[in-house]
Colleague: 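Below is a structure I'd like to ask you about.
Per chain, numbering begins at 1; letters A, B, ... match sequence-line order.
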Amino acid sequence: MCSFNQNWTTTGASMDYDFSAIEKKWQDWWQEQGVYRVSEDPDKPKCYVLDMFPYPSGAGLHVGHPLGYIATDIYSRYKRHTGHAVLHPMGFDAFGLPAEQYAIETGQHPARTTADNIATFTNQLRRIGFDYDWSRQVVTADPDYYRWTQWIFCQLFSHWYDPDAGAARPIETLQAQFIAQGGSDFSAAEWAAMDNQRQQEVLMGYRLAYLDYADVNWCEALGTVLANDEVKDGVSERGGHPVVRKRMRQWFLRITAYADRLLNALDALDWSPALKEMQRNWIGRSEGASCVFRTKEGNHPIEIFTTRPDTLFGATFLVLAPEHSLVASLTTAEQSAAVAQYLAYASSRSERERMADTKTVTGVFSGSYAEHPFSGEPIPIWIAEYVLAGYGTGAIMAVPSDDNRDYAFAQHYGLPIIEVIDRSEHPTAEREDKSVGLLMNSGFLNGMPINAAIQAAIAELEHRGIGQRRVNYRLRDAGFSRQRYWGEPFPIVYRRGVPELVPESALPVLLPEVNSYRPTGDGNSPIASAREWVELAPGLERETDTMPGYAGSSWYWLRYMDPGNRQAFVDPKKEQYWGQVDLYMGGAEHAVGHLLYSRFWNQFLFDLNLVSQAEPFRKMVNQGMIQGRSSLVYRIEGSNTFASAGLKEQYNTTALHVDIHLVEDDKLDLQGFRAWRDEYQNAEFLLEEGVYRCGAEVEKMSKRWYNVVNPDEVCDRYGADTLRIYEMFLGPLDQAKPWDTRGIDGSFRFLKKVWRLFYPRENKAPIAEEAPSTEALKVLHRAIAKVQADIERLAFNTAVSALMVAVNELTALKCRNRAVLEPLIILLSPFAPHISEELWHGIGHQTSVVLQPFPQLNESFLAEDSFEYPISVNGKLRDKVALSLALNEAQIEAAVLQRDLVLKWLDGKAPKKIIVVKGKIVNVVV
RNA sequence: GCCGAAGUGGCGGAACUGGUAGACGCGCUGGAUUCAAAAUCCAGUAAUGGCAACAUUGUGUGGGUUCGAGUCCCACCUUCGGUACCA
């Protein structure tokens, strides 16, 4: 990798594949000609192909990033060839922490560094030759963009989710309802009696964007709130300062209102089962019942959630989470010391520790008892960390007979166990098996199967007014506040503490300039220090939190449809034309976060009739990660001597990563290595056959492992077309695969072979106009069939392989006919657009190959009249014979039985059976 | 633990609904060309045995279904991704 060759040229430069000149030339030409400009065309079917837009980091792109972009580029170019109006845009997710962190360190305005990084990314992307319509680029940090992010937030704030309508409705409809008939726990008269502030607090409980209190990661030393990934093992990642939970008022989005719709709509989407399953698990719907247990001492009803109300008679104790609000009031004097000790222990345990050992049973008795709602028996109330405060009601009824954790707990503390499911008919059934068994020891439920008992138990709970059917979700409402500078400001002002929207005419609310991007130290965002911006008037202050990173990315695909619109976030006509994203490509790391938020925003906008489709992404594909291939050197312990890979076993060595740019073909550049780091200046080497061999390891491509390959390097050395072909040829799109620059030669040679097809060394004659041979046509049409089918199923590795086969065969046939080579260029052009455009113009065309129709498959060229039958004897391949496909099965059988090899294996015996599959195989059973 | 994906030559990988395992490419070996190198071209390349024809073995492991299994079924092992005491 260290020494890049000059471009591939020998003599007669014009007849050689000079990729760097070709690529530059056509990129400029496409730009000038506006070849990739798209608009709505009612005469064409539409196709919307989308990539997850990147965050423009300072590091630039590595070869792993464009994998998905190349795939969608090929797909979108193919769709252009097949007559579609194709929307394939690109933009930037430009708000985020790294730019802000850089600003804190250097004082550079994040807008400035973001713009620089976008320029770097754009240059890198342009070099690869994508068919983006750059005039549609969106940047989430651009005020023209984020005014609409703010606008959508305004809609979320001014709507509530009406469960009766199953859709979002204006908050005024709820107000009207309160005026007319009151709410769930107040009458119309009581509503009327409330002051505005109180009324607003009630409404806040319904808005889809609302304020509530939540714990954040607060770091006193840094004076700021930290994101989850900035906290490692309870201390800040930077500086290692302690981080504590702190309650702060935060904005939330009520995504839980849409939980059921988000879950149900998954079925109709063309996403991988794995991806759907991740979303289902994240939403985590479970059906069951809530039930209230009265306490023996004092009036402290405990509400629990259970998915197994049928086992209520088996509930022998209750368990509260250590953080449950009733823990203090239910702890008796005798138990207070033990409980206090346990609570101290529980709060000292990090999430990580709690996760690590789920086998250890811990808990403490509160001293109090609850009353069993059906039997009236007293049952003890325990406190244990295996019950989570954040899920359900933070309290459970423990049924040791039918829950493994409850069972382990009961065993450990000697609590009673009542069997309530009779599984005697099914001796192999395990605890928690819901599919078999009849209720016993359960009063009115006795003898019922489990499902019937669940229904009966819920009915009884509802009848007695102590519980009800309930659906519970794991999904939480999404925290939407960040105490940061570099994000969208909220379009919110507080009038004497009551939040209200700024008028629409005041949008966008621009980020103020600040003197310092450092946290204020009191938990507020840096923009709180811009006092003249915050204080609009006495008693009228702006919100100083900003929106999180996912705000801008939750609707960006809609903006691409109509990026310049100043009247609306998208023109409804344009939205109706482009509709759903037909193919969405991106990394699996966004499987739950981004994809769930985006679906939620889209469902909401759909409720408001602002978009025409409930679901934004019809087909979603996750591209696999391209891994790096790291190089390793082996330092002999306690020395500055390095042993070559083959010698390392003889010594006690430490493997160290070395920059792959100092390694070629696993051989280390010794001078380069000594110059690389001061500490290696005097390094000594133990060589093998005169060279130092490095070890290698496949791992994530990362600066940290010095194994990053930049696409620019590859473009310099081989060209963008080779990069594109190689990335696709590497393996299936959705699989993780290692990048090995050594393998790229094959793709480069392939393109050179394509070039030679048009410009053979020994033949300077122009392309032949006469009719091609049947063999050449057969090769062409086989390629058309395979490439087309493979692009449709996104199997680009085998499509490239099919093109290689075609080029090899046409080279062998010395085919130079226009009628074959012209369609071949179009087949190749989605994969390698630059060389294709050059060859296309080279054979006399003036217009772009991009705009050509895809070659029409003629099946008649694929038809064969004979087939070489493999003949197996007892399933083992023994012979082959070419036979006409016109023969019937009896004729084939007869021909096979005459074969010498078959007779030899029959060894004089008559065959037991002969299986003839026409056009496939013959199997002789002896 | 649970959910999902995947285990095929020295390497990346191919094989449609069960029908010639290893397409295509890398690498490697030999040869041509060259003063030499690069580049290019030709031949070979799963393993084992054999000059060869050919034979035996072979798609993570062990069973099974089938005329026939990389592909289907059962059990298990390993790797990767997600998730995590979810009541």
Colleague: Please map the stems of RNA chain B, keeping only stretches of three or more Watson-Crick or G-U wobble pairs with both distances under 3.5 angstrom.
Modeller: B:1-7 with B:77-83, B:10-12 with B:24-26, B:27-32 with B:40-45, B:46-49 with B:54-57, B:60-64 with B:72-76
Colleague: I need the full list of side-chain hydrogen bond (donor to acceptor under 3.5 Å, both in side chains) pairs touching residues 729-740 of chain A, with sequence neighbours left out, sorted by first then second residue.
Modeller: A:W739-A:T741, A:D740-A:R742
Colleague: Taking salt bridge (charged side-chain N to carboxylate O under 4.0 Å, His left out) as the definition, give me every residue that meets it alongside A:R280, ordered by chain and number, with sequence neighbours left out.
Modeller: A:D267, A:E277
Colleague: For A:D270, check salt bridge (charged side-chain N to carboxylate O under 4.0 Å, His left out) against everything at least two apart and list the hits.
Modeller: A:K619
Colleague: Short of 4.0 Å, heavy atom to strand atom, which residues of residues 623-631 of chain A count as contacting RNA chain B?
Modeller: none
Colleague: At a cut-off of 3.5 Å, list every protein nitrogen or oxygen paired with a nitrogen or oxygen from nucleotides 42-48 of chain B, distance to 0.1 Å.
Modeller:
none

Colleague: Check each residue of residues 307-318 of chain A for a non-hydrogen atom within less than 4.0 Å of any atom in RNA chain B, then write out the ones that pass by number, or none.
Modeller: A:T307
Colleague: Got a sec, which residues hit side chain to side chain donor-acceptor pair (under 3.5 Å) with A:H594, two or more places apart in sequence or on another chain?
Modeller: A:Y584, A:S598
Colleague: Between protein and nucleic acid, restricted to nucleotides 11-22 of chain B and to nitrogen or oxygen atoms under 3.5 Å apart, what atom pairs and distances do you find?
Modeller:
unit_1	atom_1	unit_2	atom_2	d
B:G12	O2'	A:L730	O	2.5
B:A14	OP1	A:N797	ND2	2.9
B:U20	O2	A:K880	NZ	2.7

Colleague: Within residues 693-701 of chain A, find the residues that approach RNA chain B with a heavy atom at under 4.0 Å, and present them sorted by residue number.
Modeller: none
Colleague: Return each pair, listed once, that meets salt bridge (charged side-chain N to carboxylate O under 4.0 Å, His left out) where at least one residue sits in residues 791-815 of chain A; pairs must be two or more places apart or across chains.
Modeller: A:R782-A:E809, A:D790-A:R793
Colleague: For B:G60 versus B:U71, give the span between their P atoms, rounded off to a whole number of Å.
Modeller: 8 Å
Colleague: For A:K778, give me all partners under salt bridge (charged side-chain N to carboxylate O under 4.0 Å, His left out), at least two apart in sequence or on another chain.
Modeller: A:E864
